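Note on naming: letters A, B, ... go to the chains in the order of the sequence lines (proteins, then strands), and numbering restarts at 1 for each one. Not measured: the values here are computed from a predicted model.
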Number of protein chains: 2
Amino acid sequence: MAGIREHKKAETRRAITAAAVELFSEKGYEKTSIEDIARVAKIGKATVYTYFSTKDEIFLSYCDEELEDSFAQFKAPFFADGKLIDQLLEFFMIKFRFISDNREFGRQLLREMVFPKVVNERAKEHDQRYFDILENIFTAAQRRGELADEPDMFYLSVHFFSIYLGVLAGWYTGYVVSLAEVEEALRALFTQAIDGVGI
Amino acid sequence: MAGIREHKKAETRRAITAAAVELFSEKGYEKTSIEDIARVAKIGKATVYTYFSTKDEIFLSYCDEELEDSFAQFKAPFFADGKLIDQLLEFFMIKFRFISDNREFGRQLLREMVFPKVVNERAKEHDQRYFDILENIFTAAQRRGELADEPDMFYLSVHFFSIYLGVLAGWYTGYVVSLAEVEEALRALFTQAIDGVGI
DNA sequence: GTGTAAAGTCGAACGCGGTCGAGAATTATG
DNA sequence: CATAATTCTCGACCGCGTTCGACTTTACAC
């Protein structure tokens with residue numbers, strides 16, 4: 001009967017994550033203490049560390065849940081038609097709205113995802129899901145003759161992702177402020193990338 | 001005789017910065033405590049907070065010193081000739097070598113500069129210095145006929161900076177590992193940006 | 001069952017970033 | 001000078017993330 005322990009562990013883990021989601025959403029990351037989480041999850045403070053090794057890790061688990069929700073917005077039919085640049089804008093603006101929905105949460109999340117302390121395989125799987133969507137967009141664009149032949153899908157994705165990252169940085173550092181400005185900047189830069197800046 | 005206090009304050013500030021430079025370089029940011037800094041600077045722990053309001057701020061002051069050194073590497077003659085892509089590569093590889101010189105320090109610095117907690121005017125002045133260098137590179141390239149007429153210097157800078165940022169993210173997340181791979185990725189993406197990915 | 005190893009739990013304690021408040025040093029006033 | 005007003009200093013303390021170690025529960029062999 002080796003199931004009791006396992007079952008309890010899974011349940012406790014869920015309790016911690018649920019408590020974290022509740023408290024982070026309510027009070028934010030910084031104002032939520034491990035003790036708060038433990039209290040809500042009805043366990044001892046130290047027990048939290050049997051399931052997560054740092055507070056950051058709890059945060060990432062929380063992010064997973066939130067991101068999972070946001071993925072739901074990327075439905076394939078959404079991208080069935082439209083020009084490449086419009087589809088890219090749509091895609092990245094969904095992502096941006098998710099981030100800008102809670103500026104501080106987004107900042108914390110981006111810091112962790114863009115400049116992580118350690119290389120993280122789970123994060124790569126996550127990236128892959130985004131790259132897959134982008135690849136679909138690019139493949140469709142190529143079929144319509146909007147892209148050069150045999151483009152390198154990986155570098156293509158990285159290129160547009162980088163621009164998105166740059167604009168996000170501009171948003172956090174104060175170069176662009178409103179949603180409209182973000183969209184304008186993305187459009188200008190995507191156009192540059194598609195047309196090329198050289199002669 | 002209102003000078004004594006002022007003089008002492010300036011001296012104390014220098015002592016703190018010097019202690020921080022010494023300790024951060026030796027043990028790294030996280031392993032250096034405020035108490036350590038105070039001890040080396042020969043002042044009380046609380047006194048540190050008369051000069052800097054958070055540990056992050058001390059770190060940024062430390063960064064300023066380091067970055068100032070790194071600026072010295074960008075001498076104008078350096079960029080006198082060569083094709084656009086080679087000059088861009090040279091510029092960003094200098095920056096990358098500076099970051100990769102101490103991975104953890106670079107990570108902390110980038111987190112603070114790319115996704116800062118609050119909008120920071122001093123950081124913008126700092127960016128401006130980089131943008132000025134890039135603008136010189138672009139102007140020269142245009143004179144040689146490598147760029148389209150009347151390019152938007154700002155978006156041009158942001159574009160290449162974004163790509164650099166994306167590659168840095170790739171380095172921290174483990175997609176590219178060696179210096180050579182970083183250079184290869186930068187070259188591929190810069191080429192894409194110059195030539196355009198569209199037909 | 002019973003004893004023992006392994007795994008899980010949690011209150012107490014540690015380290016560190018940051019604040020407080022009382023006293024010391026400097027400046028201003030006359 | 002004398003003394004009041006202002007500014008600076010720092011040991012003590014707080015809160016919180018994380019670790020320790022003693023105690024409890026479960027798993028398993030016989």
Within a strict 4.5 Å, meaning less than it, do heavy atoms of the B/Leu109 and B/Phe98 side chains meet? yes
Near DNA chain D, under 4.0 Å by heavy atom, which residues of residues 18-42 of chain B? none
Decide whether A/Asp36 and A/Ser33 meet the rule of one side-chain donor and one side-chain acceptor closer than 3.5 Å. yes
Rounding to an integer number of Å, can you tell me how far A/Glu11 CD sits from C/dG8 P? 15 Å
Choose from C/dC10, C/dT9, C/dG18 the nucleotide whose nearest atom is closest to any side-chain atom of B/Thr54. C/dG18
Which nucleotide sits closest to the side chain of B/Tyr49: C/dG17, D/dC10, D/dG17? C/dG17
Closest non-hydrogen contact found for A/His126 with A/Met113 is ND1-CE, 3.4 Å
Taking 4.0 Å as the cut-off, does a side-chain nitrogen or oxygen of B/Thr50 come that near to OP1 or OP2 on D/dC8? no
Which nucleotide sits closest to the side chain of A/Lys45: D/dT18, C/dT19, C/dT9? D/dT18
Distance only, no hydrogens: is a donor on one side chain within 3.5 Å (strictly under) of an acceptor on the other, for A/Tyr49 and A/Thr54? no
Would you tell me if any nitrogen or oxygen in the side chain of B/Lys55 comes within less than 4.0 Å of OP1 or OP2 on C/dG17? yes
What does A/Phe52 touch in the nucleic acid at a heavy-atom separation under 4.0 angstrom: a base, only the sugar-phosphate, or nothing? nothing
Considering only side-chain heavy atoms of A/Thr47, which listed nucleotide, C/dC10, D/dT9, C/dA13, is closest? C/dC10
Mind checking whether B/Arg187 and B/Leu89 have side chains closer than 4.5 Å, heavy atoms only? yes
Are B/Asp56 and B/Tyr29 packed together at the side-chain level, in the sense that at least one heavy-atom pair is separated by less than 4.5 angstrom? yes
